[in-house]
Amino acid sequence: MNVSENQPQNLRGLKALVGIMGVLIILGTTVVVGTIIHRLYTKFVAPPTVPTGQSFTPPPPGPVAVPAQPPASASTAPASLYTAPTVAPPPPSAPLTLPPGTHIQAIAQAGAGLAILTTGPSGQSVLLLDPATGKTRTAIQSAP
């Protein structure tokens with residue numbers, strides 16, 4: 001079938017597509033504006049900082065709840081067979097002491113430990129912290 005140039009073509013599909021895309025643009029703009037407004041009015045809580053020259057000791061883990069009485073399922077067993085679970089105490093941790101004027105710039109996970117980027121008068125350095133033992137070592141030290 002040959003369409004002559006004088007006859008109007010059926011553009012119903014194109015009109016529907018333009019309308020749907022217009023609705024999508026309006027919805028997308030609404031989501032972007034709503035996200036911006038939400039982020040503007042959401043209170044940001046910064047992590048605590050350690051003053052220069054002071055040491056940082058992580059807080060001990062919270063108390064572990066241990067039942068005072070055997071559970072109901074253990075009521076038929078003799079009391080001598082029930083023992084409360086034991087929790088190993090946390091390993092002793094040495095405080096992380098930073099030289100005066102040194103600031104922590106970033107902390108990232110490095111394998112099983114933490115990599116801590118510090119900057120100060122002596123330059124930048126990367127400290128590797130082993131959370132299990134609390135020991136630190138300097139991985140990289142730059143000149144000031």
task: May I have all residue pairs that pass side chain to side chain donor-acceptor pair (under 3.5 Å) and include part of residues 105-115, sequence neighbours excluded?
output: Q105-T119
Give the table of side-chain donor-acceptor pairs shorter than 3.5 Å for residues 27-34, with sequence neighbours excluded, one pair per line with atom names and distance.
from : atom 1 : to  : atom 2 : distance (Å)
T29  : OG1    : I25 : O      : 2.8
T30  : OG1    : I26 : O      : 2.8

query: So, does S142 use its side chain to make a donor-acceptor pair with the main chain of Q124 at under 3.5 Å?
result: yes
- prompt: Residues sharing L17's hydrophobic cluster, by side-chain heavy-atom contacts under 4.5 Å among ILVMFWY, directly or via others?
  reply: M21
- request: Heavy atoms only: give me the nearest S125-T118 pair and the separation to one decimal.
  value: OG-OG1, 2.7 Å
- line: Excluding L24, membership of its hydrophobic cluster (Ile, Leu, Val, Met, Phe, Trp, Tyr; side-chain heavy atoms within less than 4.5 Å) reads I20
statement: OG1 (T42) and CD1 (I37) are apart, to the nearest 0.5 Å, by 11.0 Å
query: Sequence neighbours excluded, which residues qualify as side chain to side chain contact (heavy atoms under 4.5 Å, CB included) partners of I107?
result: I104, L114, I116
